[in-house]
Amino acid sequence: MIASVIVDVPAKQTDRAFDYRIPPSLEGLVRPGMRVVVPFGPRKIQGFVIALLEKSSYDKLRDIEDVLDIVPVLNEELLSLAEWLSEETLCYQISAMQVMLPAAMKAKYEKNFEALVPVEQLPQSISKHLDKEGRLSWKEGIEKKLLNELQQLVTAGQMELKYAVSSKGKKKKERVLSLAASSEEALVLLDTLPQQADKQKRVIQFLLDHQSDEQNAATVKDETGASSSTIRTMIDRGYVIESFKEVYRDPYQDRMFQKTSAFSLTEEQQTAIGPILQKVHDYEHETFLLHGVTGSGKTEVYLQTIDQVLSQGRQAIMLVPEISLTPQMVERFKGRFGDRVAVMHSGLSTGEKYDEWRKIHRKEVNVVVGARSAIFAPFEKLGVVIIDEEHEMSYKQEDSPRYHARDVAIERARRHGCPVILGSATPSLETFARAQKNRYQLLSLTRRMNNQELPSVTIVDMREELREGNRSMFSRQLFEQLTLRLEKKEQTVLFLNRRGHSSFVMCRDCGYVMQCPHCDISMTYHRHSEQMKCHYCGHEDRVPVQCPECQSEHIRYFGTGTQKVEEELTKLIPEARVIRMDVDTTTRKGSHEKLLTAFGQGEADILLGTQMIAKGLDFPNITLVGVLSADTMLHLPDFRSAEKTFQLLTQVSGRAGRHDKKGEVIIQTYSPEHYSIDLAKTQQFELFYKQEMMMRRIGQYPPYYFLAMVTLSHENLLKVVSVCEEITSLLKQKLSNNAIILGPVASPIARIQNRYRYQCLVKYKMEPELKPLLKSILDTYQPKSTNDSLLIHIDVQPYMML
DNA sequence: AGCACGCCGACT
DNA sequence: GTCGGCGTGCTC
């Protein structure tokens with residue numbers, strides 16, 4: 001038997017199947033979708049079996065070295081989905097497979113020198129570095145400068161260089177103890193043990209009392225007061241048996257989830273869920289857009305759909321933008337479905353993610369709630385895929401494979417014959433346009449549950465404030481409301497789209513702005529560390545006291561970051577307790593949730609944060625939401641900036657007054673007349689949609705056109721420009737006249753880490769030749785040699801224009 | 001990606 | 001004359 005294998009080498013030349021013989025020892029064990037270790041040139045690497053063949057067209061086959069799985073980790077569907085994904089996003093097949101598995105399953109490669117003769121026969125200079133198996137890693141060999149000597153020993157046949165493949169994922173083991181003898185024998189033992197062996201007796205007694213299963217060694221120690229050495233002795237004497245049991249790391253184990261059951265649906269919800277349940281029942285594919293205002297009860301529709309799916313013996317995937325932000329969502333799912341839910345998000349450790357994945361793989365759960373990559377959960381009988389907050393950017397992966405979870409969801413659902421639900425209060429234009437054209441079925445929830453009023457939204461014109469002499473970052477109105485909340489002991493959320501302290505430092509005399517020396521972007525002032533930081537490459541610099549250009553001392557900070565607001569707040573209202581949430585305060589694992597919990601329990605009056613607080617926050621005591629500057633996003637060089645602004649403002653506003661207290665929202669802006677801000681005030685999605693569609697039509701952007709972007713980067717500006725020119729003219733020449741090709745243009749951030757970035761954007765409606773053409777461009781321009789530092793990447797349907 | 005094989009400059 | 005630079009091509 002022959003196995004066709006995709007090897008773990010992400011490169012153009014190896015992006016194809018290699019055939020291997022299955023040795024007799026592995027006959028029958030190897031199946032498609034399994035990871036194997038194969039010899040590849042002089043080394044050993046990991047690979048995925050994609051097919052079993054009777055014979056190969058290649059005649060110098062080598063043998064598969066080893067199998068890494070008992071059960072395939074990628075089933076038939078996922079294997080073929082990987083193929084689809086690599087074609088669709090122009091990525092290597094191996095990258096498509098890798099992205100479907102938890103990081104813990106990526107291979108780890110080792111290169112070791114190993115002694116072939118007894119260690120004593122080797123020179124002392126070497127032998128003293130060897131471990132007890134007579135091994136020394138290649139890396140250590142370099143560090144200790146032993147490579148020459150080692151090389152000689154290898155040629156002399158006294159040592160060899162061995163390549164090994166190991167898995168990063170470690171299954172967590174727990175030490176358990178059980179009685180070696182039967183109860184009767186143990187009772188005898190209790191009598192015969194000497195008086196002073198009190199601890200030993202207690203251990204035996206404890207194990208007798210809890211005989212139903214094995215006992216965790218740590219529990220035994222705690223309960224009996226026995227020391228490790230006592231237990232060791234007992235194991236050695238054969239009284240108790242020690243063994244290791246595989247356990248799951250459960251990130252939610254200390255949490256109690258209150259069991260909840262289905263609510264009765266409102267009439268509107270009933271109408272919405274009907275067509276979905278019909279499709280679930282009929283095993284038919286369909287994409288639904290569930291368009292519901294904030295607080296209209298979309299989640300309950302999801303939950304009841306999943307209920308139906310589970311009762312059919314099928315499984316459900318629910319995607320959320322970034323779950324660690326919404327512990328409340330996890331709670332709701334765990335509460336309703338208990339142990340049948342796996343949770344996958346970036347806040348988990350590698351090991352925890354691995355364990356959650358294994359629960360899915362072993363069919364111990366039938367629901368997964370997770371971020372983008374959870375779309376690849378290895379379920380075999382999908383009954384529904386739900387994407388909550390469908391418009392969120394985080395569903396698009398920005399590095400290879402550059403996939404959009406929405407597209408993958410629809411493709412998977414099509415294969416499984418099940419519906420997809422896209423839920424949002426502010427759907428992306430693409431999705432809404434498809435719903436208008438009946439490509440997706442539109443379901444609307446227009447009323448908030450319990451008929452809560454929408455919060456009242458006020459737009460404050462900051463230019464007016466400035467004219468009236470208010471130069472602070474808080475408008476009088478916001479400040480007034482803020483102090484009012486403090487008096488009433490209610491909570492406020494302040495939203496600002498920028499971390500750090502000040503966005504840039506400018507000289508008032510000559511206009512000099514401090515920029516990163518490696519990137520074409522201005523540096524951000526961080527008060528805490530008294531440093532200037534580049535948010536793109538991490539470069540740090542001292543804060544200038546004098547203008548480097550004109551020596552003037554009139555250096556001023558402009559723009560406002562979260563840190564500065566925090567300072568200002570403590571200055572203005574010293575008694576206010578403020579929690580700041582941004583990337584700088586939430587890098588530590590779990591810190592996110594901790595801060596939110598603290599706020600939820602009323603340990604602070606004001607929650608100040610960036611984007612990350614816009615989602616999922618649902619506390620009854622929040623009655624005021626302030627947006628300090630609604631414009632920051634609006635002026636970004638991105639055709640979606642108006643859409644993003646509208647979505648963000650609508651979403652942030654939804655944080656106020658979700659319960660019985662009425663909420664108020666204050667939005668500060670310098671451009672109050674802009675439609676995205678004006679219409680967010682009244683949450684008129686459809687009006688916004690009409691207006692924005694008009695802009696897109698004029699600008700020839702999605703949803704009227706599809707996009708593909710080619711980005712090149714190189715240290716040499718001339719080189720990037722010339723290659724970009726070549727590619728652009730090639731595209732112009734090969735594509736139809738209906739395609740619009742823009743470029744070459746410098747990327748909005750023209751240089752990052754000393755590499756110049758140029759891009760070419762293709763706007764098209766129908767170009768069947770585009771994919772193959774892009775593929776051939778990748779073929780010709782992708783670095784052939786390792787030191788050709790020209791990097792090219794192609795993003796089909798890009799989201800980030802930067 | 002690695003690694004080997006292969007063709008041109010500064011060294012024992 | 002060789003050691004070693006990295007350009008090119010192969011890995012079942």
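In what follows, chains carry the letters A, B, and so on, assigned in the order in which the sequence lines appear, proteins first and then strands, with residues in each chain numbered from 1.
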Legend entry - Integer-rounded Å distance: C:dC10 P and A:Phe18 CZ: 11 Å
Inset, instruction - Taking the side chain as every heavy atom from C-beta outward, state whether A:Arg412 and A:Leu81 have any pair of such atoms under 4.5 Å apart. - result: yes
Legend entry - Within 45° cone of A:Phe40 ring axis and under 6.0 Å: A:Arg43 NZ or CZ: no
Legend entry - Gap between atoms CD1 and P, on A:Ile94 and C:dT11 respectively (whole Å): 19 Å
Inset, instruction - Please work out if A:Thr14 contacts a base, only the sugar-phosphate, or nothing of the nucleic acid, heavy-atom cut-off 4.0 Å. - result: base
Inset, instruction - Would you confirm whether the ring centroid of A:His404 sits within less than 6.0 angstrom of the ring centroid of A:Tyr799? - result: yes
Inset, instruction - Take atom CD1 of A:Ile22 and atom C1' of C:dC12, then tell me their distance rounded to the nearest Å. - result: 13 Å
Inset, instruction - Answer with base, sugar-phosphate or nothing: what part of the nucleic acid does A:Arg62 contact at a heavy-atom distance below 4.0 Å? - result: sugar-phosphate
Legend entry - OP1 or OP2 of B:dA1 under 4.0 Å from side-chain N/O of A:Tyr109: no
Legend entry - Residue A:Gln13, side-chain heavy atoms: nucleotide from C:dC12, C:dT11, B:dC3 that is nearest: C:dT11
Inset, instruction - Specify the separation, in whole Å, of atom OH of A:Tyr58 and atom C1' of C:dT11. - result: 7 Å
Legend entry - d(NZ, A:Lys60; C1', C:dT11) in whole Å: 11 Å
Legend entry - A:Lys111 NZ - B:dG2 C1' separation (whole Å): 8 Å
Inset, instruction - Please report, rounded to the nearest Å, how far the P atom of C:dT11 is from the CD atom of A:Gln46. - result: 22 Å
Legend entry - Between P of B:dC3 and CD of A:Gln151, the distance in whole Å: 11 Å
Inset, instruction - Could you point out which residue of A:Arg358, A:Lys359, A:Lys353 forms a side chain to side chain donor-acceptor pair (under 3.5 Å) with A:Asp355? - result: A:Arg358
